[in-house]
Amino acid sequence: MTRGMGVDKTSPQGPRRRRKAEESREVILRAARDLFVSEGYAGVSMRKVAERAGCAPATIYSFFSGKRQILHRIWEEVFEDLVNELDSGYAREADLETLCLTYIDFWLARPDDYRAIFMMEDRPQVSDEGYFVDNSPSLPGLDIFCTALTEAQERGEIEPGDPLEMRSVLLCSMHGVALGLITIPEYAWGDATRLKSNTVRALVRGMGRTDRDGSRTG
């Protein structure tokens, strides 16, 4: 290669091309998210995503190998946001009840993301493909609940126990609140703020220590 044909590393074309590719990728993800929510996983095809995103199917395949990979990328970005919000909230106030309310409020503020994640079943297409929960870099961030539970145990606020099992109890219960408020809004749940607070308070107090007289503390 001659000097005149060398690559100019200071050229703005490289960063501009990368920025354009990232913008295209985000358009594809937004289009796919809308389709997954409105039509379900089975109703979405790569061609439909391309039509909604205003690009050729080949463009999508340059980013993703299939619609399941698109769905997993959507899930990953949402969980990245969730974990960041949980971390920052717990850093401000290291309180188990507040952490639980932060989790519920995150999904209530993003109902379409909730539907796109929890209203769809993750089905591997081949035996060695694996599940999202097994491969996600973000999901271990939910260990913050184990941290909060362990610290609450150390303070004597809740009973000793397996933090992983206790986290599962919290997550299932919190999803019950989110699912009801998001998918059955017409039901007379009452005041949503009180519903969230009372549910979380009952959960945490249910884990409280039992004194010798049978009363609960925490």
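FYI, side chains are in, hydrogens and waters are out, and symmetry mates aren't considered; it's all heavy atoms of this structure.
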Do you know the tightest heavy-atom contact between [X] and [Y]?
{"X": "Leu149", "Y": "Ile158", "value": "O-CD1, 3.5 Å"}
{"X": "Ile70", "Y": "Ala32", "value": "CG2-CB, 3.4 Å"}
{"X": "Val83", "Y": "Ser138", "value": "CG2-O, 3.5 Å"}
{"X": "Pro111", "Y": "Ile182", "value": "CB-CG2, 3.9 Å"}
{"X": "Arg68", "Y": "Arg123", "value": "NE-O, 3.1 Å"}
{"X": "Ala50", "Y": "Pro57", "value": "CB-N, 3.7 Å"}

- Sole candidate of Tyr114, Phe132, Phe36, Tyr41 that passes ring pair (Phe, Tyr, Trp, His ring centres under 6.0 Å) when paired with Trp75: Phe132
- Query: Does any pair with a residue in residues 44-61 pass side chain to side chain donor-acceptor pair (under 3.5 Å), and if so which ones, sequence neighbours excluded?
  - Reply: Glu39-Lys48
- Could you go through the side-chain contact (heavy atoms from CB on, under 4.5 Å) check for Thr199 and Met174 one step at a time? CA-CA 8 Å; Thr199 301; Met174 291 185 295; over 6 Å; no
- Task: Start with the C-alpha distance between Arg73 and Arg25, add both sets of side-chain angles, then the distance that settles side-chain contact (heavy atoms from CB on, under 4.5 Å), and finish with yes or no.
- Result: CA-CA 11 Å; Arg73 185 60 239 170; Arg25 178 178 169 281; 3.1 Å; yes
- Message: Under the criterion side-chain contact (heavy atoms from CB on, under 4.5 Å), I'd like the reasoning laid out for Thr183 against Met119: C-alpha separation, chi angles, the key distance, then a yes or no.
- Response: CA-CA 10 Å; Thr183 65; Met119 307 295 287; 4.2 Å; yes
- Message: Tell me whether the rings of Tyr103 and Trp107 are parallel (<30°), tilted (30 to 60°) or perpendicular (>60°).
- Response: perpendicular
[Y] backbone acceptor or donor facing [X] side chain under 3.5 Å:
{"X": "Ser136", "Y": "Val133", "result": "no"}
{"X": "Gln153", "Y": "Gly161", "result": "yes"}
{"X": "Asp134", "Y": "Gly130", "result": "no"}
{"X": "Trp189", "Y": "Leu195", "result": "no"}

- Following the transitive rule for hydrophobic clusters with a side-chain heavy-atom cut-off under 4.5 Å over Ile, Leu, Val, Met, Phe, Trp and Tyr, establish whether Leu171 and Leu101 coincide in one cluster. yes
- Connected via hydrophobic side-chain network under 4.5 Å: Leu164 and Val169: no
- Over 12 foreign heavy atoms within 6.0 Å of CD, Glu165: no
Compare all side-chain heavy atoms of [X] with those of [Y] and state whether any distance is below 4.5 angstrom.
{"X": "Cys55", "Y": "Val27", "value": "no"}
{"X": "Lys67", "Y": "Met46", "value": "yes"}
{"X": "Phe145", "Y": "Pro163", "value": "no"}
{"X": "Leu96", "Y": "Leu170", "value": "yes"}

- Taken in chain and number order and not counting sequence neighbours, the residues that satisfy salt bridge (charged side-chain N to carboxylate O under 4.0 Å, His left out) with Glu26 are none
- Query: In terms of side-chain heavy atoms, does Glu151 have a donor or acceptor partner in Tyr90 at a distance below 3.5 Å?
  - Reply: yes
- Do His72 and Phe79 have their ring centres less than 6.0 Å from each other? no
- Message: According to salt bridge (charged side-chain N to carboxylate O under 4.0 Å, His left out), does anything in residues 137-146 pair up with another residue at least two apart or in another chain? List the pairs.
- Response: Asp143-Arg167
- Query: Is there any salt bridge (charged side-chain N to carboxylate O under 4.0 Å, His left out) pair reaching into residues 183-204, and which pairs are they, with sequence neighbours excluded?
  - Reply: Asp105-Lys196
- Item | For Phe64, all residues meeting ring pair (Phe, Tyr, Trp, His ring centres under 6.0 Å), sequence neighbours excluded | none
- Please identify each residue that fulfils ring pair (Phe, Tyr, Trp, His ring centres under 6.0 Å) with Phe63, with sequence neighbours left out. none
Find the distance between [atom1] ([X]) and [atom2] ([Y]) and round it off to the nearest 0.5 Å.
{"X": "Ser197", "Y": "Ile104", "atom1": "OG", "atom2": "CD1", "value": "8.5 Å"}
{"X": "Leu29", "Y": "Ile74", "atom1": "CG", "atom2": "CD1", "value": "5.5 Å"}
{"X": "Arg155", "Y": "Thr150", "atom1": "CZ", "atom2": "OG1", "value": "10.5 Å"}
{"X": "Glu85", "Y": "Leu99", "atom1": "CD", "atom2": "CG", "value": "11.0 Å"}

- Message: Regarding Glu22 and Arg16, does a basic nitrogen lie under 4.0 Å from an acidic carboxylate oxygen?
- Response: no
- Query: Do Asp113 and Arg33 meet the salt-bridge criterion of a basic N to acidic O distance under 4.0 Å?
  - Reply: yes
- Note on the structure: Given the options Ile117, Leu82, Val78, Arg110 meets side chain to side chain contact (heavy atoms under 4.5 Å, CB included) only with Val78
- With Val44 as reference, evaluate Leu35, Leu71, Val37 under the side chain to side chain contact (heavy atoms under 4.5 Å, CB included) test and give the passing residue. Leu35
- Task: Could you check Leu86 against Leu142 for side-chain contact (heavy atoms from CB on, under 4.5 Å), going step by step and ending with a plain yes or no?
- Result: CA-CA 8 Å; Leu86 292 173; Leu142 294 181; 4.0 Å; yes
